[in-house]
Amino acid sequence: MSKYSVHQQTVETLLSWIKSGEIAIPEIQRPFVWKSAKVRDLIDSLYQGYPVGYIITWRNPDVKLKNGQLSAGKKVLIDGQQRITALTAAVVGQRVLNKNYKEINIRIAFNPLTQKFEVLNKAFEKSPEWINNINPIINDEVSITKAIRAYMKLNPEADEDLIEDRIENLKRIKTKQVGIIELDSSLDIDTVTDIFIRINQKGVVLSNADFVMSKIASDELYGGNKMRKLVDYFCRLLVDKDFNKHIVDNDTAFAESDYYKALKWMATGSDDLYIPDYIDVLRVAFTYKFSRGKFSDLVALLSGRNFEARTYESAIAERSYNKLSEGLTDFVNQTSYQRFIMLVKSAGLINQKLISSKNSLNFSYALYLKLRNDGMPESEIQHYVKRWLIMSLLISRYSGSAESMIDEDIKQINEKGIAVYLNQMEQNHLGQGFWEFALVSQLESSSVNNNAYNVYLAAQCYSNAPAFLSKSMKISSLIEQRGDVHHIFPKKYLSQNGYAPKQYNQVANFVYTEQATNIKVGMLTPKDYLSKVKNQIDTNVFDISTIDSEGCLAENLLLNDIPNVLQTATHLDYDSFLTERRKLMAIKIKNYYDQL
């Protein structure tokens, strides 16, 4: 007996299913991630009569939907969510939820003269040649006659017969055919989930993390579907506090669960440093609770895989779901989460832009939860987690095969203990050669996303260092206020003397300073603007900076790791200045690491 049937339906029929709720989106689906331009391309393909691929539906009364209801009598959308959502946005006019959990309108404009479609913006909106929004015409809210009359009023020189023909063709979009593959209702959820993943691997490849989300979403026996909501709701509350009302009003069963009690604090909490997505949440919970790093192992364990006997056992599946539940609950625990964020900030990593590796944060949080669960004193936990975090950033531990590195690290820590393994990692990666040569070499960069430079800034924040040529303003304050970096050797001055952007934008030429000071420095040579600073100290008239004594100036240059050559420097001294400052910056980073 066939497991599926293939047939065609018109866009109009699909839209009627959407409006009536006959098409339902199950929990195994991902959010709408298409860019608006891709919505435009879909509409253009339908207008031109090009194929737009198949959507796959499945009728099964036992699937749990996003709103918590069963899908009885509905067509469950297994593949094609992005296309269906695009049609609801462009043709029906419904608002969609983007990847940042914000509701947006996607309006598609149409030019009958050129038969082009574009995402509506102000330029198209002001142009009389463009119909600003196609959905009222396709949706029968505006008649063809009225649409033609309105267009001709704005474009009296246009060929009315041509405009009529093309607006009619626009309206015919809803009669265009879309392929439907309907899966047999006898298929079980695991088979359907497998089909979903196999199909998407031909287009947008699903990661093993997506597979885990599909797996837990389709599970009701061990409460996996509720765990999926815990992850989704927590990530959304991070960026959308108003969503809490939706949970309380529309998902009462979840709102009464222990999971909701564990995460509801985030409805009034805040986090602009970590901001994990669902993959991050899963990774931390899995690494912490299972002492493994590969999501493929989690999929196997949730399926009941006995790795030694190579069998599948329900007892293993149940234990795995219970462990994952504990890990997720511990992840969203308010005390643990907020203490970890405070720990990260106390290491000088006060802003998201100073942390280039999300997986360094993920592993550090997993390590924090593990050590806390092991009963280690808080002071020791902070010491080890801070050092691990900074070490992993300095050596770019998780920039390549992150899963393999995470898997190796957590297993080694589980086997040897954090003290022994961290010491081993430091001996292997942070020896004298690293501090004196490799780190200095890393600082030879024009990118502010450079790991070594960001750790240097963290060291400056950690030591509460003052801004360049400022008596009281701190570097940490300028970073928190999203202040900009400025050039010690002004870039216009270097440019006029033949230096290219990659040369004058070296991170060793960057400092944080107050905007007023930067403006006063202008294009002056370092020796000239430092002479001005010394002159204001002598005259007690403060203009270029707030430095008010020779001792304060000397200390400021020292704390900003500025070589003494700067006080007499011109562009001829620039390269030697950079070489010396990189060495001083590396020393600052090492001293900082030793204090953690």
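Positions are given from 1 along the sequence.
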Got a donor-acceptor contact below 3.5 angstrom from the [X] side chain to the [Y] backbone?
| X | Y | result |
| --- | --- | --- |
| E436 | G433 | no |
| K416 | L422 | no |
| N105 | R107 | no |
| N560 | N556 | yes |
| D548 | N540 | no |
| N333 | T335 | yes |
| E444 | V440 | no |
| N451 | L393 | yes |
| N450 | A452 | yes |
| K358 | I275 | yes |

Between Y421 and D409, does the side chain to side chain donor-acceptor pair (under 3.5 Å) criterion hold? Intermediate values first, please.
CA-CA 8 Å; Y421 187 58; D409 289 342; 2.7 Å; yes

On a heavy-atom basis, which atom in [X] and which in [Y] lie closest, and how many Å separate them?
| X | Y | answer |
| --- | --- | --- |
| R582 | A508 | CG-CB, 3.7 Å |
| E514 | S470 | OE2-OG, 2.8 Å |
| G348 | L354 | O-CD1, 3.7 Å |
| G522 | P490 | O-CB, 3.2 Å |
| N509 | R581 | N-NH1, 4.3 Å |
| C461 | I479 | SG-CD1, 3.7 Å |

Establish, from distance only, whether the side-chain atoms of [X] and [Y] form a donor-acceptor pair under 3.5 Å.
| X | Y | answer |
| --- | --- | --- |
| K386 | S346 | yes |
| Q536 | S545 | yes |
| D538 | N535 | no |
| Q460 | K588 | yes |
| N414 | K370 | yes |
| Q506 | S446 | no |
| D330 | Y288 | yes |
| Y456 | D561 | yes |
| Y499 | N505 | no |
| N362 | Y398 | no |
| K534 | Q567 | yes |

Go through the steps to decide whether T517 and Y529 satisfy the test side chain to side chain contact (heavy atoms under 4.5 Å, CB included), and finish with yes or no.
CA-CA 10 Å; T517 297; Y529 68 71; over 6 Å; no

Between S357 and S360, does a side chain to side chain donor-acceptor pair (under 3.5 Å) hold up when you go through it step by step?
CA-CA 5 Å; S357 169; S360 285; 3.2 Å; yes

Within a strict 4.5 Å, meaning less than it, do heavy atoms of the [X] and [Y] side chains meet?
| X | Y | result |
| --- | --- | --- |
| Y592 | V455 | yes |
| F295 | E403 | yes |
| H571 | T525 | no |
| L469 | I544 | no |
| H487 | K492 | no |
| L42 | Q82 | no |
| I355 | N454 | no |
| V511 | V485 | no |

Test side chain to side chain donor-acceptor pair (under 3.5 Å) on T513 and N518 and set out the steps.
CA-CA 7 Å; T513 189; N518 184 60; over 6 Å; no

Checking side-chain hydrogen bond (donor to acceptor under 3.5 Å, both in side chains) against R292, which of T287, D297, D407 comes through?
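Result for side-chain hydrogen bond (donor to acceptor under 3.5 Å, both in side chains) with R292: D297.
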
How many angstroms lie between [atom1] in [X] and [atom2] in [Y], if you round to the nearest 0.5 Å?
| X | Y | atom1 | atom2 | result |
| --- | --- | --- | --- | --- |
| M266 | L237 | CE | CG | 8.0 Å |
| M405 | E408 | CE | CD | 5.0 Å |
| L361 | R283 | CG | CZ | 13.0 Å |
| L349 | I341 | CG | CD1 | 11.0 Å |
| N359 | I406 | CG | CD1 | 4.5 Å |
| F110 | R40 | CZ | CZ | 14.0 Å |

Quick one, Q382 with F340, criterion side chain to side chain contact (heavy atoms under 4.5 Å, CB included). Give me CA distance, side-chain angles, the key distance, then yes/no.
CA-CA 9 Å; Q382 292 191 21; F340 174 69; over 6 Å; no

Report the residue from W388, Y368, F286 that forms a ring-ring contact (aromatic ring centres under 6.0 Å, His included) with F363.
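Exactly one option meets the ring-ring contact (aromatic ring centres under 6.0 Å, His included) with F363, and it is W388.
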
Criterion side chain to side chain contact (heavy atoms under 4.5 Å, CB included) on Q432 and F437, from CA distance to verdict
CA-CA 8 Å; Q432 185 175 349; F437 301 104; over 6 Å; no

Apply ring-ring contact (aromatic ring centres under 6.0 Å, His included) to residues F489 and Y504 and explain how you reach the verdict.
CA-CA 8 Å; F489 281 71; Y504 61 68; over 10 Å; no

Given V119 and N121, is the side chain to side chain contact (heavy atoms under 4.5 Å, CB included) satisfied, shown in steps?
CA-CA 6 Å; V119 180; N121 60 30; over 6 Å; no

Do Y278 and F234 have ring centroids that are under 6.0 Å from one another?
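Centroid distance F234-Y278: not below 6.0 Å, so no.
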
Are more than 12 heavy atoms from other residues, nucleotides or ligands located less than 6.0 Å from atom CD of E555?
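Open.
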
Could you tell me whether D232 and R228 make a salt bridge, using a distance below 4.0 angstrom between a side-chain N and a carboxylate O?
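R228 and D232: salt-bridged.
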
Could you check whether K532 pairs with D543 (Lys NZ or Arg NE/NH1/NH2 to Asp/Glu carboxylate O, under 4.0 Å)?
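Here K532 does not pair with D543 in a salt bridge, since their nearest N and O are not under 4.0 Å apart.
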
Does the plane of the ring in Y274 sit parallel, tilted or perpendicular to the ring in Y337? Use 30° and 60° as the thresholds.
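Taking Y337 first and then Y274, their aromatic rings lie parallel (interplane angle under 30°).
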
